[in-house]
Amino acid sequence: RDKAVTRGRQICKALKCTVTFVDLVWGEDVAPVLAGEEAFPWVEVRFKHGRKDFYKLTEPLSLHAGEAVTVSTPHGGHDVGTISVTGELVRIQMRKAQADLAQENPLVIYRKASQRDLDRWKEARDREDDLMLRARTMATQHDLEMKISDVECQGDGARATFYYTADARVDFRALIREMSSTFGLRVEMRQVGARQEAGRLGGIGSCGRELCCSTWLKDYRSVSTSAA
């Protein structure tokens with residue numbers, strides 16, 4: 001590594017670079033957990049299509065990236081997600097996201113997902129394509145100018161979130177009542193922009209690589225016509 005750093009500085013000097021060469025090591029600003037010190041009691045959990053949130057550990061659990069966990073939801077019931085980040089790196093992520101560590105009712109980790117949790121989660125996920133197609137048909141029957149692009153079912157199968165795009169305000173109260181009665185679950189409609197839709201569904205850009213908004217870009221700032 002030292003040889004590579006030295007070689008990099010030599011190349012910059014030979015090319016007369018005006019940019020300062022900075023030696024960075026990933027994670028070097030993360031304070032290590034000392035013996036006897038409690039680990040940071042928050043983790044980052046990933047859900048469908050990269051949706052992420054922060055969850056608090058209410059009891060000691062040894063969690064690692066990639067493990068499935070059962071978590072609370074803002075609306076009741078439970079969901080199932082995958083651990084994406086643990087430890088002090090979560091503190092950094094929360095600081096960047098300006099998340100409140102002292103919130104009164106934080107989302108929490110219930111437990112490591114049991115086989116029963118995973119089975120119910122799989123059953124709920126298997127319904128999503130059918131729910132989306134039927135919801136699109138219902139929206140057309142109600143003459144609503146909207147495009148339902150994705151569905152995400154909660155891990156316990158009691159709730160489904162339908163993501164849609166629309167050019168104008170849509171009154172979908174009658175649609176929600178019909179969907180809730182027909183599907184037998186609680187329904188939430190969530191409007192997303194074109195870039196958020198592309199970020200959830202994924203795709204290949206004109207550059208030939210996977211879309212930025214579905215890989216690393218999470219801050220969808222407004223872009224002017226001239227900049228585009």
For a side-chain contact (heavy atoms from CB on, under 4.5 Å) check, start with the C-alpha distance between Arg159 and Leu185, then their side-chain angles and the critical distance, and finish with the verdict. CA-CA 5 Å; Arg159 187 184 190 91; Leu185 42 73; 5.9 Å; no
Salt bridge (Lys or Arg N to Asp or Glu O under 4.0 Å) for Lys48 and Asp150? Distances and angles first, verdict last. CA-CA 10 Å; Lys48 182 180 179 181; Asp150 195 19; 3.1 Å; yes
Can you name the closest pair of heavy atoms from [X] and [Y] and give their distance?
{"X": "Gly76", "Y": "Gln154", "answer": "O-NE2, 3.3 Å"}
{"X": "Gly155", "Y": "Asp79", "answer": "N-OD1, 2.7 Å"}
{"X": "Gly87", "Y": "Phe40", "answer": "O-CD2, 3.6 Å"}
{"X": "Arg46", "Y": "Ser84", "answer": "NH1-CB, 3.6 Å"}
{"X": "His75", "Y": "Arg186", "answer": "O-NH2, 4.4 Å"}

Evaluate the side-chain proximity of [Y] to [X]: yes if any heavy-atom separation is below 4.5 Å, no if none is.
{"X": "Ile83", "Y": "Val45", "answer": "yes"}
{"X": "Leu131", "Y": "Phe183", "answer": "yes"}
{"X": "Val43", "Y": "Val85", "answer": "no"}
{"X": "Glu188", "Y": "Tyr163", "answer": "no"}
{"X": "Val80", "Y": "Leu118", "answer": "yes"}
{"X": "Val69", "Y": "Leu63", "answer": "yes"}
{"X": "Trp42", "Y": "Leu101", "answer": "yes"}

Under 3.5 Å, side chain of [X] to main-chain N/O of [Y], donor-acceptor pair present?
{"X": "Ser180", "Y": "Val187", "result": "no"}
{"X": "Glu44", "Y": "Gln93", "result": "no"}
{"X": "Lys112", "Y": "Ser62", "result": "yes"}

After noting the C-alpha distance and the side-chain angles of Glu152 and Arg51, does the key distance pass the salt bridge (Lys or Arg N to Asp or Glu O under 4.0 Å) rule? CA-CA 10 Å; Glu152 183 175 0; Arg51 179 175 67 86; 2.8 Å; yes
Could you give the distance from [atom1] ([X]) to [atom2] ([Y]), rounded to the nearest 0.5 Å?
{"X": "Phe162", "Y": "Met138", "atom1": "CZ", "atom2": "CE", "value": "8.5 Å"}
{"X": "Met146", "Y": "Thr140", "atom1": "CE", "atom2": "OG1", "value": "10.0 Å"}
{"X": "Met132", "Y": "Arg127", "atom1": "CE", "atom2": "CZ", "value": "14.0 Å"}
{"X": "Ile109", "Y": "Glu67", "atom1": "CD1", "atom2": "CD", "value": "10.5 Å"}
{"X": "Leu61", "Y": "Thr86", "atom1": "CG", "atom2": "OG1", "value": "12.0 Å"}
{"X": "Phe172", "Y": "Ile148", "atom1": "CZ", "atom2": "CD1", "value": "10.0 Å"}

In sequence, state the C-alpha distance, the side-chain angles, and the governing distance for Glu178 and His142, and then conclude on side chain to side chain donor-acceptor pair (under 3.5 Å). CA-CA 10 Å; Glu178 181 180 354; His142 283 266; 2.5 Å; yes
Could you walk me through whether Lys96 and Arg91 pass side-chain contact (heavy atoms from CB on, under 4.5 Å), step by step? CA-CA 9 Å; Lys96 289 180 179 179; Arg91 190 194 302 272; over 6 Å; no
One pair to check against side chain to side chain donor-acceptor pair (under 3.5 Å): Thr70 and Asp117. What are the steps and the verdict? CA-CA 7 Å; Thr70 303; Asp117 293 333; 2.8 Å; yes
